[in-house]
There are 2 protein chains.
Amino acid sequence: MELHEPELREVPVTAVLAALADDVRLQIVRALAPGGEHACGSFEFGVSKATRSHHLKVLREAGLTRTRVAGTTRYVRLRREELDRLYPGLLDAVLAERGGVA
Amino acid sequence: MELHEPELREVPVTAVLAALADDVRLQIVRALAPGGEHACGSFEFGVSKATRSHHLKVLREAGLTRTRVAGTTRYVRLRREELDRLYPGLLDAVLAERGGVA
DNA sequence: GAGCTTGTTCGACGGTTGTCGAACATGGGT
DNA sequence: ACCCATGTTCGACAACCGTCGAACAAGCTC
């Protein structure tokens, strides 16, 4: 299992933004934001596990998360430091609980 | 001509991010970032005027730009203050020239 | 008014994306 | 060894998106 995790510098900005521009993925990022690892299965938004797996892959390949394999479970965490270094303010702006949504 | 320009608070975050997650639109935002008004026709990226019109509409309806009509030409500008107030750091992070792309 | 310029709207097209169930892979338990 | 749990991958399908040319609308100038 290759676990393809790109260097953040090599990911186009538009790909990072596109990865964040989805409701389910944003929920995942919000859940991850406080820090620490989460088992993939711990995300219970109303989607099938196939869909959840897909979203986690998108996040990983956009350079937003890192995944550790431990037995049959996989633990995900936000690459916060790298993100804050490369895109200072991005995560804070996006995660701010104030609002958005109609 | 209605010129539908929503309140930024009422636009879902994902819509703002989706609007920025496109190469052509990001180029437009970068051109607008220094400030001031630009005529729609002044954007010469390799797309037809139909496509350009479409992208400007997406930006406007995501609350990112404001448009002033003057005769047959339309002038566009970034809603920078509102964006910086609601999403501090977002624009700076996204516009930073360092970057992205392989 | 004729004609030009600027920009929008209308299909249409092809590609991408989100979603799912089903099948598969892997690694524990007992 | 068998079963169960956790995830991934594989079609498939519908919806959406970026793109275009063509038609249209509105305003300016002669």
Side-chain angles (χ1 to χ4, degrees), chain A residues 1-6 11-32 37-77 101, chain B residues 1-6 11-32 37-77 101:
Chain A
M1 183 40 83
E2 291 299 304
L3 250 317
H4 169 214
E5 293 178 345
V11 179
V13 194
T14 47
V16 175
L17 292 169
L20 291 170
D22 177 277
D23 246 319
V24 175
R25 290 195 290 268
L26 204 46
Q27 282 183 265
I28 296 177
V29 171
R30 280 199 228 268
L32 253 30
E37 291 182 326
H38 285 60
C40 291
S42 71
F43 301 112
E44 203 36 84
F45 313 114
V47 296
S48 73
K49 60 178 178 169
T51 302
R52 176 184 56 196
S53 190
H54 162 70
H55 285 307
L56 288 168
K57 183 180 184 181
V58 171
L59 288 173
R60 186 179 62 242
E61 297 190 340
L64 291 173
T65 59
R66 223 172 263 287
T67 302
R68 179 173 66 89
V69 182
T72 76
T73 73
R74 285 150 124 85
Y75 293 94
V76 189
R77 67 181 189 282
V101 181
Chain B
M1 183 41 81
E2 290 300 301
L3 250 319
H4 168 215
E5 293 179 344
V11 178
V13 193
T14 47
V16 175
L17 292 168
L20 291 169
D22 176 277
D23 246 319
V24 175
R25 289 195 292 267
L26 205 46
Q27 282 184 263
I28 295 177
V29 171
R30 280 198 229 270
L32 253 29
E37 291 182 325
H38 286 58
C40 291
S42 71
F43 301 112
E44 202 36 85
F45 313 117
V47 295
S48 74
K49 62 178 179 169
T51 302
R52 177 185 55 196
S53 190
H54 162 69
H55 286 307
L56 288 168
K57 183 180 184 180
V58 172
L59 289 173
R60 186 180 61 241
E61 296 190 342
L64 292 173
T65 59
R66 222 173 261 288
T67 302
R68 179 174 66 88
V69 181
T72 75
T73 74
R74 286 149 124 87
Y75 293 94
V76 189
R77 66 180 189 283
V101 180

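Source: prediction; values computed, not measured. First the proteins, then the strands, lettered A, B, ... as listed; each starts at 1.
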Considering all heavy atoms, the nearest A/H38-A/F43 contact: CB-CZ, 3.6 Å
State the OG1-CG distance between A/T65 and A/L59, to the nearest 0.5 angstrom. 5.5 Å
Mark up nucleotides 17-30 of chain C, 5' to 3', with B wherever a protein heavy atom is under 4.0 angstrom from a base atom, S wherever such an atom reaches only the sugar-phosphate, and - elsewhere. -SBBB----BB---
Please state how far atom CD1 in B/I28 lies from atom P in D/dG18, giving the value in whole angstrom units. 11 Å
Would you mind reading off the distance between B/R68 atom CZ and C/dT6 atom P, rounded to a whole angstrom? 16 Å
Taking all non-hydrogen atoms of both residues into account, name the closest pair between B/T67 and B/E5 and its distance. N-OE2, 2.6 Å
What is the separation between atom CZ on B/F43 and atom P on C/dT8, rounded to the nearest whole Å? 11 Å
Side-chain donor or acceptor of B/R25 paired with backbone N/O of B/A18 under 3.5 Å: yes
Base, sugar-phosphate, or nothing: which does B/S53 touch, judged by heavy atoms less than 4.0 Å apart? base
What are the two closest heavy atoms between B/Y75 and B/A70, and how far apart are they? CE1-CB, 3.8 Å
Any idea which of C/dT9, D/dG7, C/dT6 is nearest the B/K57 side chain? C/dT9
What one should report as the nearest heavy-atom pair of A/D22 and A/V24 is OD1-N, 2.9 Å
What is the separation between atom OH on B/Y75 and atom C1' on D/dG27, rounded to the nearest whole Å? 13 Å
To the nearest Å, how far apart are B/E37 CD and C/dG7 C1'? 16 Å
Figure out the CG/P separation between B/L59 and D/dG18, and round it to whole Å. 10 Å
Nearest 0.5 Å, please: how far is NE2 in B/H55 from CZ in B/F45? 10.5 Å
Round to a whole Å and report the spacing from CG of B/L26 to P of D/dC17. 18 Å
So which atom in B/L20 and which in B/L26 form the shortest heavy-atom distance, rounded to 0.1 Å? O-CD1, 3.9 Å
When Watson-Crick pairs (N1 to N3 and N6-O4 or O6-N4) and G-U wobble pairs (N1-O2 and O6-N3) count only below 3.5 Å on both distances, what is the dot-bracket string of DNA chain C, with | for other-strand pairs? ||||||||||||||||||||||||||||||
Respond yes when some side-chain nitrogen or oxygen of B/R74 is under 4.0 Å from OP1 or OP2 of D/dA26, and no when none is. no
Test item: B/R74 side-chain N/O and B/C40 main-chain N/O as donor-acceptor pair under 3.5 Å: no
